Asker: 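If you scroll down you'll find the structure; I have some questions about it.
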Amino acid sequence: MPELPEVETVRRTLEPAVGRRVRGVWTSGLPLRLNGPVDRAGLARAATGAVIAGVRRRGKYLLIDLAGRDRLILVHLGMSGRLRIVPARAPRAPHTHVVLSLTGGRELRYSDPRRFGLVDLAPAGGREREHPSLAVLGRDPLVERVTGAFLHEAARRSRQTMKSILLDQGIVAGVGNIYASEALWLAGVPPTLRGVRLDRARADALARAIRAVLRRALERGGTSLRDFVDADGVAGENADYLRVYGRAGAPCPRRACSGRIRRTVIQGRATFHCPACQRR
DNA sequence: TAGAGCCTGCGG
DNA sequence: CCGCAGGCTCTA
């Protein structure tokens with residue numbers, strides 16, 4: 001479900017949890033795809049009694065810092081994960097797998113029907129990249145500079161298509177299936193173009209497109225195609241502004257382009273582009 | 001470097 | 001009933 005703009009939207013709406021103390025921890029015991037059953041004892045040891053010092057994001061991962069503790073809580077929402085801050089007495093949603101009860105009568109709850117996500121512990125104190133999931137991440141476009149030169153260099157070393165390169169979290173961290181198609185369309189780059197064939201001018205355009213697409217989506221609170229909501233349960237508005245994703249058969253929204261959006265499959269993922277204006 | 005696999009839910 | 005879903009990992 002969530003890509004960088006959605007995860008960042010969740011991060012921002014988690015801010016009210018900062019400064020609250022963790023009073024207790026509950027877990028469902030069911031395995032999550034990315035790290036198996038949540039380490040309940042470890043989580044309790046790391047978090048119980050600690051004040052939440054901040055919530056950070058790195059690619060599609062959220063990092064919950066705990067004041068004075070040597071571990072932080074790492075969360076990935078997978079396809080269907082949600083983090084919500086709710087009153088402790090609110091009924092628990094189905095598929096809730098982790099609950100942190102907080103001071104002030106609130107709970108921070110992680111629910112995830114498909115269980116493709118992750119809730120884990122990582123070293124704190126600036127050593128979070130020792131966690132294997134964070135160790136392999138590339139540049140986060142909102143944190144570091146994703147420039148044309150950087151993309152050009154990364155693409156040149158790859159034998160993959162540009163669509164796959166954008167989905168590679170080890171290169172650009174945070175772009176997922178929606179924004180990969182959107183950025184390629186905005187830059188006029190065909191999704192099937194091989195990385196080695198991406199010239200520097202198009203790399204510049206693509207770098208700009210990635211930043212623009214992510215920033216605009218974030219301004220609109222993310223894309224809610226079906227069920228994405230932030231930590232307050234509010235859906236994002238960006239679905240209305242998608243230019244190609246999910247719009248197969250529609251006229252290309254580019255000015256003076258008479259093409260129609262096509263749906264193809266690249267590496268098993270739906271891909272949308274305009275054959276008329278995304279050309280080699 | 002494709003493809004399968006992991007899960008549940010939804011819409012046609 | 002079938003296909004599809006915003007992610008990621010492991011396998012041949």
Side-chain angles (χ1 to χ4, degrees), chain A residues 1-11 28-38 57-62 74-83 93-97 110-120 131-138 140 155 157-185 191-192 194-196 210 213-214 216-218 220-230 235-249 263-272:
Chain A
M1 177 204 338
E3 306 179 32
L4 186 151
E6 291 73 40
V7 178
E8 176 62 18
T9 297
V10 171
R11 190 200 69 75
S28 70
L30 287 176
L32 301 180
R33 164 78 175 146
L34 294 184
N35 67 330
V38 176
R57 182 193 55 78
R58 183 80 194 190
K60 299 174 190 173
Y61 291 85
L62 286 165
L74 185 64
V75 178
H76 191 294
L77 301 176
M79 291 282 263
S80 56
R82 285 185 182 185
L83 274 175
H95 308 291
T96 296
H97 298 297
Y110 175 81
S111 64
D112 187 356
R114 296 176 72 180
R115 286 186 274 126
F116 282 7
L118 167 146
V119 178
D120 202 4
H131 189 285
S133 294
L134 298 179
V136 298
L137 289 186
D140 183 307
R157 287 188 311 239
S158 173
R159 305 199 298 188
Q160 295 276 4
T161 63
M162 284 312 302
K163 169 77 186 311
S164 298
I165 289 169
L166 290 191
L167 289 180
D168 185 344
Q169 301 300 296
I171 299 173
V172 180
V175 175
N177 205 39
I178 293 179
Y179 301 114
S181 282
E182 293 292 311
L184 288 165
W185 176 84
T192 50
R194 296 284 158 176
V196 275
I210 290 168
V213 157
L214 296 178
R216 286 182 213 153
L218 176 57
R220 297 176 184 128
T223 298
S224 297
L225 285 186
R226 39 171 62 84
D227 54 7
F228 166 73
V229 292
D230 66 20
E237 305 293 333
N238 195 60
D240 295 338
Y241 297 88
L242 296 178
R243 313 302 284 262
V244 295
Y245 187 88
R247 305 237 189 278
R263 180 189 188 277
T264 59
V265 174
I266 297 177
Q267 291 212 169
R269 317 283 313 267
T271 304
F272 298 86

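Since we're looking at a predicted model, the values are computed, not measured. Convention: sequence-line order gives letters A, B, ...; per-chain numbering from 1.
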Asker: According to a strict under-4.0 Å criterion, is A/Lys60 in side-chain N/O contact with OP1 or OP2 of C/dC8?
Answerer: yes
Asker: Using the closest heavy atom to pick a nucleotide of DNA chain C for each, name whichever of A/Glu6 or A/Ser133 lands nearer the 5' end.
Answerer: A/Glu6
Asker: How is A/Gly78 classified with respect to the nucleic acid when contacts are heavy atoms under 4.0 Å: base, sugar-phosphate, or nothing?
Answerer: sugar-phosphate
Asker: Remember a base hit wins even if backbone is also touched, and classify A/Asp227 as base, sugar-phosphate or nothing at under 4.0 Å, heavy atoms.
Answerer: base
Asker: A/Arg33 near the nucleic acid: base, sugar-phosphate alone, or nothing, with a heavy-atom cut-off under 4.0 Å?
Answerer: base
Asker: Any side-chain N or O of A/Arg269 below 4.0 angstrom from OP1/OP2 of C/dG6?
Answerer: yes
Asker: So among A/Thr264, A/Asn177, A/Thr192, which one has a side-chain hydrogen bond (donor to acceptor under 3.5 Å, both in side chains) with A/Lys163?
Answerer: A/Asn177
Asker: Does the base of C/dA5 carry an N or O that pairs as donor and acceptor with the side chain of A/Arg114 under 3.5 Å?
Answerer: yes
Asker: How do A/Gln160 and A/Phe116 order along DNA chain B: which one's closest nucleotide is nearer the 5' end?
Answerer: A/Gln160
Asker: Report yes if a side-chain nitrogen or oxygen of A/His95 is closer than 4.0 Å to either non-bridging phosphate oxygen (OP1 or OP2) of B/dC7; otherwise report no.
Answerer: no
Asker: Would you please confirm or rule out a distance under 4.0 Å between OP1 or OP2 of C/dG6 and any side-chain N or O of A/Tyr179?
Answerer: no
Asker: For C/dC8 and A/His76 - does any side-chain N or O of the residue sit under 4.0 Å from the phosphate oxygens OP1/OP2?
Answerer: yes
Asker: Work out how far the P atom of B/dG3 is from that of C/dC4, and round it to whole angstrom.
Answerer: 15 Å
Asker: Hey, what's the ring geometry for A/Phe272 with A/Tyr245, parallel, tilted or perpendicular (30° and 60° as the breaks)?
Answerer: perpendicular
Asker: What contact category does A/Thr223 fall into here, base, sugar-phosphate, or nothing, at under 4.0 angstrom with non-hydrogen atoms?
Answerer: base
